[in-house]
Amino acid sequence: MTNITYSPEVAEALKNGRPVIALESTIISHGMPYPQNVETAKNCERIARENGAVPATCAILGGKLCVGLTDEQLEYLGRSGAKVAKASRRDIAVIAARGGDGALTVAGTMILASMAGIKVFATGGIGGVHRGATETMDISADLEELGRTNVAVVCAGAKSILDIGLTLEYLETKGVPVIGFGTEEMPAFYTRSSGFGVDYRMDSPEEIAAAIRMKNELGIKGGTLVVNPVPEEYSMDKEKIDAVIEAAVEKANSLGIKGKNITPFLLAEIKDVTGGSSLETNIALVYNNVRLAAKIANAL
Ligand code: PSU
Ligand code: MN
């Protein structure tokens, strides 16, 4: 496709059928402060390579759909922060047509991964059904994308800025299997459990790869959600982080923040209030997910 640009490393790997994993860019521009965001993005790429997979960080730059970025492009996205538009499914064609830049969400990255033939994607947390969604109808396009696009997303669950119970209900409706890696419990990003269960527990990358392969062979469309709990030593105190999240959600409501702005607002609030500790946890769980995604891609 004319509008897609591959980095030489990704192009070569795809041509030779070597394992590739996709990485998103909203987490760089909107999810973490500079310069830790750029450092984390580069480390993710390094960890993917160390685990035998070529990293394909995805973004829209100058209207091009980029699969695989240079260090300079990562630096640009990290430095620009929220000045770069957050790009989900609805935004991709408009930004590309205007020749603009976009940091891709989970949904946006799944679309590029699928166009490129990349089967596995690692991130931190996915979007989901927001608290109060019965009134606001705020449901992330990430869930819709998981329902329709054949990419396995490895994450550490969803932050409890969301209604995790409703998020799991929605995934069930959309036919998305939720696979816990080494756990029966749905993790809540900063903590290893949300109090909800997953659909299946699997204990090896090979077992996960077999389920993904079978789904593709049977032609059953849609994604697979692999949830990988934050490493024990980085997990946070549940009551503390829940109180911070509760206050952030209330602040967002009182300020009337809506639509695509609410998730970045909540992420920034949590970051400001908890400072370094939540960021450290965030970074650790992303690395953990990249490692697992690389192993799944190899097993595929
Ligand atoms: N949740 C996080 N960190 C993130 C995001 C969500 O803990 O960086 C980002 C991801 O890119 C995700 C997007 O795809 O926010 C979801 O936004 P929304 O809720 O507006 O769909
Ligand atoms: Mn939303």
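For ligands, and for the atoms within them, numbers begin at 1 and follow the listed sequence.
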Relative to the heavy atoms of [X], which atoms of ligand 1 are at a distance of less than 4.0 Å?
{"X": "His130", "value": "19 (O)"}
{"X": "Glu24", "value": "10 (C), 11 (O)"}
{"X": "Lys159", "value": "2 (C), 3 (N), 7 (O)"}

Relative to ligand 1, is [X] under 4.0 angstrom through side chain, backbone, both or neither, heavy atoms considered?
{"X": "Val106", "answer": "both"}
{"X": "Ile262", "answer": "neither"}
{"X": "Asp142", "answer": "side chain"}

Lys86 near ligand 1, heavy-atom distance under 4.0 Å?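 Right, Lys86 reaches ligand 1.
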Are His30 and ligand 1 in contact, using a heavy-atom cut-off of under 4.0 Å?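 For ligand 1, residue contact (heavy atoms, under 4.0 Å) with His30 is absent.
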For [atom], what's the nearest protein heavy-atom neighbour? Residue, atom name and distance, please.
{"atom": "atom 9 (C) of ligand 1", "answer": "Thr26 CG2, 4.0 Å"}
{"atom": "atom 19 (O) of ligand 1", "answer": "Thr263 OG1, 2.6 Å"}
{"atom": "atom 1 (N) of ligand 1", "answer": "Gly125 O, 3.7 Å"}
{"atom": "atom 21 (O) of ligand 1", "answer": "Ser140 OG, 2.6 Å"}

Side chain of Thr274, backbone of Ser277: donor and acceptor closer than 3.5 Å?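 No; judged by distance alone, with no hydrogens or angles, the pair does not exist.
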Donor-acceptor under 3.5 Å (Ser194 side chain, Pro187 main chain):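 Looks like no, no N/O pair under 3.5 Å.
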With the Mn ion (ligand 2) as the reference point, give the N/O/S atom of Asp138 that is nearest. OD1
Electrostatic pair Arg89-Glu144, nearest N-O below 4.0 angstrom: no
Met186 CE to Phe196 CZ distance, which is reported to the nearest 0.5 Å: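 So the CE of Met186 and the CZ of Phe196 are separated by 9.5 Å.
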side-chain contact (heavy atoms from CB on, under 4.5 Å), that's the test. Do Cys155 and Val227 meet it? Break it down for me. CA-CA 5 Å; Cys155 69; Val227 294; 3.9 Å; yes
Please determine which of Asp101, Val84, Leu104, Leu112 meets the side-chain contact (heavy atoms from CB on, under 4.5 Å) test together with Ile60. Leu104
Consider every N or O of Thr105 and every N or O of ligand 1, then say whether any pair is closer than 3.5 Å.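 No; the residue has no nitrogen or oxygen that sits under 3.5 Å from a nitrogen or oxygen of the ligand.
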Side-chain heavy-atom pair [X], [Y] within 4.5 angstrom cut-off:
{"X": "Arg79", "Y": "Val38", "result": "no"}
{"X": "Lys260", "Y": "Ser88", "result": "no"}
{"X": "Val154", "Y": "Phe121", "result": "no"}

Report the C-alpha distance between Arg131 and Leu162 in whole Å, list the side-chain angles of each, state the deciding distance to 0.1 Å, and finish with yes or no for side-chain contact (heavy atoms from CB on, under 4.5 Å). CA-CA 5 Å; Arg131 297 194 197 178; Leu162 303 168; 5.8 Å; no
Which residue from Thr123, Ile270, Leu267 reaches closest to atom 4 (C) of ligand 1 through any of its heavy atoms? Leu267
